[in-house]
S.K.: 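Please see the structure below; I have some questions.
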Amino acid sequence: MHISNIMEVSSLNKTLILLVLVLATFTTMAQGQGSRGRGQGTRVGFYRATCPRVESIVQSAVESAVQANRTIAPGLLRMFFHDCFVNGCDASVLIEGPSTEKASGPNSLLTGFEVIDAAKAQLESACPGVVSCADIVALAARDSVVLTGGRRWQVPLGRRDGLVSQASDTANLPGATDPITVQIRKFADKGLNTQDLVTLVGGHTIGTAACLLFSYRLYNFNNTNGPDPDINQAFLPQLRALCPNGGNAFRRVAMDTGSVNSFGNSFYENLRNGRGVIESDAKLWSDRRTQRYVQGFLGVRGQPGSRFNAEFGRAMVKMGNIHVKTGRQGQIRRVCTATN
Ligand code: HEM
């Protein structure tokens, strides 16, 4: 074979090898995008190279806000739940406008938005255009739990921010008067099972509820002219004193009586003792489908129940992967209140 032919063959080989390599890379990338699109694409340490201080920046924003006002912690935890259940965890709950999720009834009592904005502003100066608002919300929820005494978990990151936010989509959020069957279905629609439901509602251990959301249970429940029979007789006067008939509808009452500032399983002890405040919480004990999981979180023979604190993080990671946008989907917002 002539020398120039050999040259031609070897350069052809090189071209072929290069082509195969390029194709292989594309296929891997496409597969990566595909699995990310199905919600598997978040991972711990996503910003390790691009914004290594992300976790400490969010943490210090949450810490200083909670130090100034401890009700911020439950606010941020609930914000994450309301974000994930509507259009997936994509910060759609933060967008402002006349008919966005934020303007809807179910989100009217959400708090803590300014903490997300403060963290975002700091992140934009540390690593511009890199960290999504959706990831800030996920981290802030975790930090709120840790600050109130819950167990820390690692938060997979890499969510991208959504472009759509519509008030009407919030109808699928669970409501306090939803029967257990509906609650179970609404969680199942998001890929969460009954155990996840009972575990995640345990977030109410640090929460408060406005009188308007449960005072109907205290006086004329279902037109019976009496209280909800699920409420413990000894607890009833306490709740009535906090929410007198016709009193301030916006007064806030602890959902985990006696332990509202500390994250833990006492919430489930209260449910067992007929001291659930909102109707949907009380039903977790009265319905056998959920009671077995409540029972699983009660302390055993003087040992405080630590299982709940461990399970909560696991369930939060699962909730945090609902319909996440990754890869080239969505965008990284410049400010969290509006799309770019
Ligand atoms: C069946 C599901 C659920 C229902 C029906 C429900 C309902 C409610 C209601 C009615 C309130 C009182 C709102 C107010 O007065 O401002 C509330 C507060 C709260 N919820 Fe839920 N919730 C559910 C699940 C969850 C989940 C999964 C989480 C988080 C993992 C969560 C976290 C919170 C927190 C932390 C608060 C207190 C907010 C604050 O104090 O500012 N909830 N929830």
Side-chain angles (χ1 to χ4, degrees), residues 65-66 69-86 89 93 104-113 115 137-138 140-145 147-148 150 153 155 170-190 192-217 242-243 248-256 259-264 267 271 276-285 287 289-290 293-294 308-309 311-320 322:
V66 172
N69 175 2
R70 56 168 66 164
T71 70
I72 296 283
L76 289 170
L77 176 56
R78 188 175 191 225
M79 183 190 291
F80 185 51
F81 163 52
H82 280 214
D83 185 32
C84 291
F85 262 63
V86 185
C89 316
V93 72
S104 71
N107 286 331
S108 59
L109 296 174
L110 277 188
T111 57
F113 294 101
V115 184
V137 174
R142 188 273 312 272
D143 293 342
S144 298
V145 170
L147 278 173
T148 47
W153 68 90
V155 182
T170 59
N172 64 5
L173 280 166
T177 54
D178 283 347
I180 290 285
T181 306
V182 174
Q183 292 182 39
I184 290 175
R185 180 180 49 74
K186 285 183 171 174
F187 273 67
D189 285 348
K190 305 291 170 195
L192 300 170
N193 59 33
T194 307
Q195 184 181 351
D196 299 325
L197 161 73
V198 176
T199 309
L200 288 165
V201 174
H204 288 176
T205 174
I206 53 167
T208 59
C211 289
L212 70 98
L213 287 159
F214 66 89
S215 55
Y216 66 92
R217 301 182 69 209
L242 290 165
C243 300
N248 178 1
F250 293 97
R251 178 161 188 188
R252 303 198 64 87
V253 175
M255 290 194 275
D256 182 6
S259 179
V260 66
N261 295 317
S262 134
F263 198 97
F267 170 71
L271 297 191
V277 173
I278 63 171
E279 192 181 350
S280 52
D281 286 353
K283 280 182 190 142
L284 294 180
W285 180 256
D287 192 294
R289 285 169 294 178
T290 43
Y293 297 110
V294 175
F308 164 61
N309 279 19
E311 283 293 308
F312 190 76
R314 183 202 57 77
M316 285 286 279
V317 170
K318 200 169 167 188
M319 182 169 84
I322 298 174

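In each ligand, atom 1 is the first atom listed, and ligand 1 is the first ligand listed.
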S.K.: Below 4.0 angstrom from a heavy atom of L109, which ligand 1 atoms are there? Numbered from 1 as shown, please.
M.R.: 14 (C), 15 (O), 16 (O)
S.K.: Show your reasoning for whether side chain to side chain contact (heavy atoms under 4.5 Å, CB included) applies to V201 and M255.
M.R.: CA-CA 11 Å; V201 174; M255 290 194 275; over 6 Å; no
S.K.: One residue to check: S280. Relative to ligand 1, which of side chain, backbone, both or neither has a non-hydrogen atom less than 4.0 Å away?
M.R.: side chain
S.K.: Taking only heavy atoms of Q183 into account, list the atoms of ligand 1 that are under 4.0 Å away from them.
M.R.: 1 (C)
S.K.: T208 versus ligand 1: do any nitrogen or oxygen atoms come within less than 3.5 Å of each other?
M.R.: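 Indeed, backbone or side chain, T208 has an N or O that close.
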S.K.: Around atom CZ of R252, are there more than 12 heavy atoms from other residues, nucleotides or ligands closer than 6.0 Å?
M.R.: yes
S.K.: List the closest protein heavy-atom neighbour of atom 18 (C) of ligand 1: residue, atom name, distance to the nearest 0.1 Å.
M.R.: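 The answer is M255 CE, 3.3 Å.
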S.K.: What protein heavy atom sits nearest atom 16 (O) of ligand 1, and how far off is it?
M.R.: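 Checked against all protein heavy atoms, atom 16 (O) of ligand 1 sits closest to R252 NH2, 2.7 Å.
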S.K.: To the nearest 0.5 Å, what is the distance between CZ (F312) and CG (D196)?
M.R.: 11.5 Å
S.K.: Which atoms of ligand 1 have any heavy atom of A210 under 4.0 Å away?
M.R.: 14 (C), 15 (O)
S.K.: Tell me if a side-chain donor or acceptor on K190 pairs with a main-chain N or O of F85 at a distance below 3.5 Å.
M.R.: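 Yes.
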S.K.: What is the nearest protein non-hydrogen atom to atom 35 (C) of ligand 1, stated with its residue, atom name and distance?
M.R.: P74 O, 3.2 Å
S.K.: When you measure from the side chain of R142 to the backbone of W153, do you find a donor-acceptor pair of N or O atoms at a distance under 3.5 Å?
M.R.: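 Indeed, once roles are kept as given, a pair shorter than 3.5 Å links the two residues.
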S.K.: Output yes when the distance from some N or O of ligand 1 to some N or O of I206 is under 3.5 Å, and no in every other case.
M.R.: no
S.K.: Looking at side-chain heavy atoms only, is the closest gap between N172 and V86 below 4.5 Å?
M.R.: yes
S.K.: Is T205 reaching over with its side chain to a backbone N or O of F263, donor-acceptor style, under 3.5 angstrom?
M.R.: no
S.K.: Start with the C-alpha gap between M319 and I322, add the side-chain angles, then the distance that decides, and say whether side chain to side chain contact (heavy atoms under 4.5 Å, CB included) holds.
M.R.: CA-CA 6 Å; M319 182 169 84; I322 298 174; 3.9 Å; yes
S.K.: By residue and atom, what protein N/O/S atoms are less than 2.8 Å from atom 21 (Fe) of ligand 1?
M.R.: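 Those protein N, O or S atoms (cut-off: under 2.8 Å from atom 21 (Fe) of ligand 1) are H204 NE2.
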S.K.: Which is it for L200 and ligand 1 at heavy atoms under 4.0 Å: side chain, backbone, both or neither?
M.R.: both
S.K.: Any donor and acceptor pair, going by atom type alone, linking the side chain of S262 with main-chain N or O of S259 inside 3.5 Å?
M.R.: no
S.K.: Among R185, K186, Q183, find the one that has a side chain to side chain donor-acceptor pair (under 3.5 Å) with D178.
M.R.: K186
S.K.: Is there side-chain contact between Y293 and L197, with at least one heavy-atom pair below 4.5 Å?
M.R.: no
